[in-house]
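Data block below; observations after.
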Amino acid sequence: MSSAKSKPTKKQTSDHSAALSATYKPSAEFSKKARIGSMAAYEKLYKSSIEKPEKFWGSEAKELHWQKPFSKVLEWKCPDAKWFTGGKINVAENCVDRHAKGPRANKAAIIFEGEPGDTRTITYAQLHREVCQFANVLLKRGVKAKDRVLIYMPMIPEAAVAMLACARIGAVHNVVFGGFASEAILDRLEDSGATAIITADGGWRRGKIIPLKPAVDEALKKYSKVKNIFVVNRTGNEVSMKAKRDLWWHEEMASASAKHEPKGFDSEHPLFILYTSGSTGKPKGILHTSGGYLTGTYSTCKYIFDMRDEDVYWCTADVGWITGHSYIVYGPLANGATQVMYEGAPNQPDFGRFWKMIEQHRVSIFYTAPTAIRAFIKAGDEFPEKYDLSSLRLLGSVGEPINPEAWHWYHEKIGGGRCPIVDTWWQTETGAILISPIPGATSCIPGTATRPFFGIDAAILDDAGNECPPNVDGRLVIRKPWPSMTRTIYGDKARFKKTYFSDYPGLYTAGDGARRDKKGNFWIIGRLDDVLNVSGHRLGTAEIESALVAHPAVAEAAVVGRPHDLKGQAVAAFVTLKIGYEASAQLENELRNHVGHVIGAIAKPDDIYFTPGLPKTRSGKIIRRLLKELVTIGTISGNITTLDDITVIDHLKILLKK
Ligand code: 7RM
C-alpha cells in the first residue's frame with residue numbers, strides 16, 4: 001500500500017512546524033483514475049472555464065435531463081442572475097427517475113443507519129416509488145407549485161423523500177434543523193408563509209428520543225396558515241394528532257399511487273429556502289432555484305468528490321444545513337451515487353461509531369467538519385485504531401478553516417496517509433463548493449482550500465477594490481456569477497443587494513477574509529468580523545486558534561478580540577484541554593509562548609481562559625460573538641437562541657469574574 005501514499009514534499013523531520021506546512025501531492029494511483037488527473041489538466045480547464053464560463057456551465061448543465069432545452073445559459077444584471085433560461089427541468093426527475101429507469105435501478109441510493117442500529121437500504125427504484133407516492137400525497141392534500149412546505153425532521157431517509165417530493169411538484173421546501181426549538185420554527189413559518197409541515201414523532205440522539213412534533217404544535221399556536229402536518233412514525237413516542245390537520249405519513253403513503261409524471265419547471269423556478277444567520281438581525285431566507293443549483297451541486301460532486309458508481313459516499317452533515325441539501329440530497333443523487341445516511345450522534349455508543357460504520361459499509365468517500373475531527377482527536381486514537389478504514393480513498397472537510405493539527409490527524413489516523421483531503425470552502429449562499437482542491441490534481445497543503453472550482457472567478461480585494469498582492473489579507477469576492485448562487489433573500493431583495501453586492505459594484509462579497517499565496521492558493525482567514533487588529537497587525541482568530549490547537553495539551557480553542565488601550569485590540573483565548581491535562585499558570589505561560597513561537601509575539605494571547613466547553617451553534621460553529629461580548633462588556637446581551645448548550649455560558653461568566 002505504501003506506493004499509494006501521498007508523500008509530503010518536505011522531509012518529515014522531527015521539526016513539528018515543517019511537517020505541519022508540508023505539501024501533499026495525490027498519489028499516481030489516485031490521479032490515474034481521477035477525472036482531472038494533473039495540475040496541467042486543472043489549469044487548462046480552469047482557464048477555458050473562466051474565459052468562457054457560459055460554455056463550461058452550459059456543457060455541465062447539458063449532462064442533466066432537461067424536459068425542454070435551455071436557449072440561453074446566462075442573463076446577468078447584477079444582482080439578478082437567470083441561468084439556463086427557456087429550459088424546463090424537474091430536479092427530482094434528475095435525482096431519481098433518471099437512475100431508477102436505467103442500469104442503476106437496483107443500486108443502493110441510501111444506506112441508512114439509525115442510531116439504535118437499525119438499517120435500511122433504499123435502491124433508486126425504491127426511492128423513485130417513495131418520492132412519487134409522497135408527491136401524490138402532497139398533491140392530494142392541496143399542496144401546489146410554489147407553496148412553501150416546512151420540513152422538520154431527524155436524519156432519516158424520509159427527510160430526503162420529503163425534499164424530493166416537494167421538488168417534484170414544484171413546491172418550495174424550507175428545512176429547519178431538528179435541533180432548533182419552536183421559536184425558530186415559528187419565525188420561519190411566518191417569514192416563508194408555509195402552508196404545510198412535514199415532521200416526525202421524534203428522532204434518536206445519544207440514546208434518547210428527541211421529540212419533534214411538540215415543537216411544531218407549539219409554533220402552530222401562533223400561526224394559522226398550515227393546513228396539514230405529515231408525521232413520520234420514527235420513534236413511536238406518543239404525539240398528539242389534531243383531527244383532519246395532522247396525518248400519519250405511513251397511512252397517507254399506504255393509499256398513494258406510485259405513478260407520477262414529473263412536470264418540467266422553469267429553470268429559475270424556486271427550489272428551496274434555507275435560513276442562515278447573518279452578522280445582525282433575524283436569519284436570512286436564502287433562496288435557491290432549480291436548474292442552476294442542480295448544475296452546481298452535480299458538477300462539484302463529480303469533480304471534487306470524483307464520485308463513481310463503485311463509491312460509497314458519506315457526508316455526516318444534517319439535512320437541516322446547506323451541506324445536507326447540496327451534498328446529501330441533490331448533488332450525490334444527481335450523480336447516481338450510493339451514500340450512507342446516519343441518524344445519530346458521533347459518540348453513540350462511543351467515539352468509534354463513525355469508524356465502525358465506515359468499516360461495515362465500506363465507505364470510500366467521507367465528508368465531515370473540523371469541529372468533529374477535533375472532538376475525535378480529544379477522544380483518543382484508540383477509537384479509529386480499532387477499525388479497518390482501508391476502504392477510504394478520499395476525505396473532505398467543510399464549515400470552517402481546518403487547522404493543520406486536525407488536518408494531519410485526519411490524514412494519518414483516518415486516511416491512513418493515502419487519501420487526499422478536499423478542504424471545501426463555500427456558503428449557504430453559494431449553494432455549492434466554490435474553492436477546493438481537485439483531488440487527482442491539486443497538491444493539498446493543510447489549512448488552505450487551495451484553488452477556485454471551474455468557472456469560479458474568486459479574488460481578494462482591499463478596501464479600495466484593488467486586488468491584494470500575494471500574502472496580503474483582504475476580502476474574498478466572486479467576480480462572475482455562477483449557477484448555484486442564491487437568487488435573493490426571501491422577501492427582502494434590498495437586504496440581498498446590500499449584504500452581497502454593495503461592497504464592490506457588480507461583485508459578490510462573501511464576508512470572509514482571505515489571502516492568496518504566491519502559488520495562488522486561497523487561505524480563508526474567517527469571517528471578517530473575526531479579524532483582529534492588534535497594534536496595527538491584522539490577525540485571524542483562526543490563525544491563533546490553529547496555533548493553540550497545535551499544542552499537545554489543547555483540544556479546542558476560540559479567540560476573540562477585546563479593546564485594549566495601547567494595542568487597539570488584545571487577544572483573549574478560550575481553551576479546552578485534552579483529557580489528561582490540567583489547567584495551571586505554567587501551562588498558561590507555555591501556551592502563550594507557543595503561540596509566540598508559531599505566529600509571532602504579536603499574536604500571544606493576553607488572556608487565556610481554560611474552559612470545559614465553548615459556545616457553539618448546533619452545526620458546531622463556535623459563536624465568537626458571545627465570547628466577544630463576555631470579554632468586552634462582561635455579559636451577554638445578544639440573541640442566544642442558536643446556542644447548542646446554554647450551560648457553557650454560565651460557566652464562562654463565572655470564569656471571567658475570577
Ligand atoms: C458550507 C457552510 C459559511 C461560512 C463561510 C466561512 C466558513 C465554510 C470553510 C469555511 C474556511 C472552509 N456554509 N467556511 N467552509 N472557512 N474553510 N473550508 O459551512 O453558510 O454555514 O457557513 O463558513 O466562514 O463564510 S455556511
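Whatever order the structure lists ligands and atoms in, that order sets their numbers, starting from 1.
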Below 3.5 Å, N or O to N or O, backbone or side chain included: is there any such pair between D423 and ligand 1?
yes

At a 4.0 Å threshold, what atoms of ligand 1 neighbour a non-hydrogen atom of T323?
1 (C)

Could you work out, for atom 4 (C) of ligand 1, the closest of W321, W426, Y327 by heavy-atom distance?
W426

Below 6.0 angstrom between ring centroids: does that apply to W482 and F453?
no

Starting from the C-alpha separation in whole Å, work towards a yes-or-no answer on ring-ring contact (aromatic ring centres under 6.0 Å, His included) for Y293 and F272.
CA-CA 10 Å; Y293 173 80; F272 66 85; 5.0 Å; yes

To the nearest 0.5 Å, tell me how far T541 OG1 sits from K628 NZ.
9.0 Å

Taking the six-membered ring for Trp and the single ring otherwise, decide whether the centroids of Y313 and Y327 are under 6.0 Å apart.
no

re atom 11 (C) of ligand 1, the protein heavy-atom contact at minimum distance is P401 N, 3.1 Å

For the student: nearest non-hydrogen atoms of E467 and A459, plus distance
OE2-CB, 4.1 Å

Enumerate the atoms of ligand 1 whose separation from the nearest heavy atom of V398 is less than 4.0 angstrom.
1 (C)

Quick check, are the ring centers of F376 and Y410 under 6.0 angstrom apart?
no

Just distances here: any N/O of T424 and N/O of ligand 1 closer than 3.5 Å?
yes

Is the distance between the ring centroids of W321 and H325 under 6.0 Å?
no

Under 4.0 Å from ligand 1, counting heavy atoms only, is it the side chain of Q427, its backbone, both or neither?
both

Are the aromatic ring centres of H408 and Y24 under 6.0 angstrom apart?
yes

I need the nearest protein heavy-atom contact for atom 20 (O) of ligand 1: residue, atom name and distance, please.
T428 OG1, 2.7 Å

On the 0 to 90° scale, with breaks at 30° and 60°, tag the F454-Y42 ring pair as parallel, tilted or perpendicular.
tilted

Reported CD-to-CD1 distance for the pair E43 and I36, which is rounded to 0.5 angstrom:
11.5 Å

Subset of ligand 1 atoms that lie under 4.0 Å from at least one heavy atom of E400:
8 (C), 9 (C), 10 (C), 11 (C), 12 (C), 14 (N), 15 (N), 16 (N), 17 (N), 18 (N)

Is G399 near ligand 1, meaning one of its heavy atoms is under 4.0 Å from it?
yes

Tell me which protein heavy atom sits closest to atom 21 (O) of ligand 1, plus the residue, atom name and distance to 0.1 Å.
K621 NZ, 3.2 Å

Would you say T276 has any N or O atom under 3.5 Å from an N or O of ligand 1, going by distance alone?
no

With a heavy-atom distance limit of 4.0 Å, tell me whether A449 approaches ligand 1 through its side chain, its backbone, both, or neither.
neither

Check: S397 N/O within less than 3.5 Å of ligand 1 N/O:
no

Proximity to ligand 1 by part of D512, non-hydrogen separation under 4.0 Å
side chain

